[in-house]
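Single-structure report; data block below.
This one's a predicted model, so the numbers in the text were calculated from it and none came from an experiment. Here is the naming used below: chain letters follow the sequence lines, and residue numbers restart at 1 for every chain.
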Amino acid sequence: MGWYDTHARDLPWRVGPTARKNGALPDPYGVWLSEVMLQQTTVAAVRDYFLRFTTLWPTVGDLAAAEDAAVMGEWAGLGYYARARNLLKCARVVAGEFGGRFPDTEDGLRDLPGIGPYTAAAIASIAFDRPAVVMDGNVERVMARLFAVQTPLPAAKPELKTLAARLTPADRPGCHAQAVMDLGATICTPRNPACGICPVMTACAARKAGIAADLPTKAPKKAKPTRHGIAYLVQRVDGAWLLETRPDKGLLGGMLGWPGSDWTEGAPTDAPPVAADWRDPGLEVRHTFTHFHLSLSLRLACVGLDTVPQRGEFHDLATFRPANLPTVMRKAFDLAKGAMPATSAPH
DNA sequence: AAGCCGGGGCG
DNA sequence: CGCCCAGGCTT
């Protein structure tokens, strides 16, 4: 048992290289669960969630039988909540249609909800030792450096996959896939790669050329436009806040938020959700989404108990949880609450 | 093909 | 605190 086995012991879903050499393979359920959790998420963030899930639901059948709300609740804090919904869908297909056994091929896995090209290849490789070419951000970076590929991402993806395929062995491909990803996660890191302790430093073209830290190159990011909007935060005299549930589709779909104007690149159109004596406290929330910056101007008002809003619903102070708001809406709340007149709790 | 979806880590 | 990270689904 070497240091790499010790490392594997810190990953509860992992069967270490020595055990794998002796023919052991991990439970496909644990591989699938961990790989879905690891999509866009670090090992450190996933560990406790994985242990909690496998304790509550030791098999895919147990997970399939769980209540939706229980699974979503356990996922809270991990982010990208569509993953949790697809996780449950996938568990129910595997338990209901495949007798609790995951497909053992890349194509079969790819057809399941929440399993895309990366995850299908990862499960086929790690759980079934199939020679799938596993491509994630780590592998792309390792290949770009090892072979000094200068083509910017994402155009370089096919080339990087060809290089990775050439390195994928017929003998224990699952071990190989995990090793390359581990290398990318621990040594061949995006910034400050630890080339001095890299096990493949003598083979690395980028290291030889002194450009490892500059690869992979990436296409310049499109400049984000700034959109402007107005959010209306109104509190009833009993402390209740007026909120609305956003439409299921689109930005922040299905999430709770403050009523507001459209978010436009020009000046926003005033759109108060209720007739009131609106104040402009000069507060502005700045938030950046994937494709635009947002400058959100706040308007505040207090209204009487008999107020009937044109949009949204009042949420009692006793049950309102700012933590249930998406970040941009919580920022607006945090700014506004300091500018609202003190309200007494309902009695 | 492009937009959307969170949270963590680093400089 | 701002910037970077990057897999899958939807339209």
Side-chain angles (χ1 to χ4, degrees), chain A residues 31-49 72 74-90 93 106 109-125 132-144 152-158 160-161 177 181 184-186 188-194 213-227 246-257 263 265 285-295 323-331 334:
Chain A
V31 174
W32 162 72
L33 180 61
S34 66
E35 288 300 341
V36 172
M37 287 181 168
L38 287 164
Q39 290 167 6
Q40 313 283 13
T41 310
T42 59
V43 165
V46 162
R47 234 191 95 88
D48 289 347
Y49 284 87
M72 298 306 291
E74 290 297 332
W75 196 276
L78 255 193
Y80 284 114
Y81 298 98
R83 290 186 297 172
R85 296 193 295 275
N86 285 327
L87 188 83
L88 206 36
K89 276 189 209 162
C90 181
V93 171
E106 199 174 350
L109 289 158
R110 180 67 185 75
D111 289 336
L112 291 165
I115 298 184
Y118 162 72
T119 307
I123 299 172
S125 172
V133 183
V134 185
M135 295 305 292
D136 72 348
N138 289 313
V139 181
E140 286 177 356
R141 187 171 55 255
V142 171
M143 294 305 128
L153 284 169
K157 280 173 183 272
L160 297 174
K161 182 166 182 179
M181 289 191 284
T186 60
C188 195
T189 50
R191 284 175 298 229
N192 307 320
D214 302 325
L215 297 180
T217 63
K218 302 199 171 182
K221 301 190 190 315
K222 252 192 306 188
K224 299 181 204 299
T226 299
R227 295 186 193 173
R246 300 172 61 87
D248 273 342
K249 319 227 164 185
L251 190 69
L252 306 177
M255 301 297 284
L256 213 51
W263 297 345
E265 288 188 38
V285 172
R286 294 188 163 277
H287 188 78
T288 300
F289 293 92
T290 315
H291 295 98
F292 64 93
H293 304 287
L294 175 67
S295 169
N324 293 345
L325 298 174
T327 301
V328 64
M329 300 298 174
R330 191 177 40 71
K331 283 185 188 173
D334 289 344

| query | Are the side chain of A:T217 and the backbone N or O of A:L215 linked by a donor-acceptor pair below 3.5 Å? | reply |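 No.
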
| Short question: side chain of A:S34, backbone of A:V31 - any donor-acceptor pair under 3.5 Å? |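 Flag set: sc A:S34 to bb A:V31 pair under 3.5 Å.
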
Grab the [atom1]-[atom2] distance between [X] and [N] for me, whole Å please.
| X | N | atom1 | atom2 | answer |
| --- | --- | --- | --- | --- |
| A:E35 | C:dG7 | CD | P | 11 Å |
| A:D136 | C:dG8 | CG | P | 10 Å |
| A:L109 | C:dG7 | CG | P | 17 Å |
| A:Y118 | C:dC5 | OH | C1' | 15 Å |
| A:M135 | C:dA6 | CE | P | 12 Å |
| A:Q40 | B:dC4 | CD | P | 16 Å |
| A:I123 | C:dG7 | CD1 | P | 14 Å |
| A:I115 | C:dC9 | CD1 | P | 9 Å |

| message | Any heavy-atom pair between the side chains of A:Y49 and A:T41 that's under 4.5 Å? | response |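 A:T41 vs A:Y49: side chains apart.
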
| task | Taking the side chain as every heavy atom from C-beta outward, state whether A:L109 and A:W32 have any pair of such atoms under 4.5 Å apart. | result |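 Side-chain contact under 4.5 Å: no.
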
Distance, [atom1] atom - from [M] to [N], rounded to whole angstrom:
| N | M | atom1 | result |
| --- | --- | --- | --- |
| C:dC9 | B:dG8 | P | 23 Å |
| C:dA6 | B:dG11 | P | 15 Å |
| C:dT11 | B:dG6 | P | 15 Å |

| said: Using a 4.0 Å heavy-atom cut-off, does A:R85 contact any base of the nucleic acid, only the sugar-phosphate backbone, or nothing at all? | reply: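 Nothing, no heavy atom under 4.0 Å.
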
| query | Contact class for A:T119 vs. all strands (heavy atom < 4.0 Å): base, sugar-phosphate, or nothing? | reply |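 Touches sugar-phosphate only.
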
| said: If you assign each of A:T42 and A:Y80 to its closest nucleotide in DNA chain B, which residue comes earlier from the 5' end? | reply: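 Going by which nucleotide is closer to the 5' end, it is A:Y80.
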
| Hey, which of these two, A:L38 or A:K89, hits DNA chain C nearer its 5' end, going by closest nucleotide? |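 Nearer the 5' end of the strand: A:L38.
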
| query | Would you say C:dC5 has OP1 or OP2 under 4.0 Å from some side-chain N or O of A:N138? | reply |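 No, A:N138 has no side-chain N/O under 4.0 Å of OP1/OP2 on C:dC5.
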
| said: For a quick test of reading the model: is some side-chain N or O of A:K218 closer than 4.0 Å to OP1 or OP2 of C:dA6? | reply: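 Looking at the OP1 and OP2 atoms of C:dA6, one of them is under 4.0 Å from a side-chain N or O of A:K218.
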
| message | If you only use heavy atoms from C-beta on, which nucleotide in C:dG8, B:dG8, C:dC5 is closest to the side chain of A:P190? | response |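 Looking only at side-chain atoms, A:P190 lies closest to C:dC5.
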
| request: Output the single nucleotide from B:dG11, C:dA6, B:dG7 whose closest atom is nearest the side chain of A:R191. | output: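 The nucleotide sitting nearest to the side chain is B:dG11.
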
| task | Quick one: pull up CG in A:D136 and OH in A:Y118 and give me the separation to the nearest 0.5 Å. | result |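 Nearest 0.5 Å value for the CG-OH distance: 5.0 Å.
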
| message | Between C:dG8 and A:Q39, counting only base atoms on the nucleotide and side-chain atoms on the residue, is there a donor-acceptor pair under 3.5 Å? | response |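 When only heavy-atom distances are counted, A:Q39 does not reach the base of C:dG8 through any donor-acceptor pair under 3.5 Å.
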
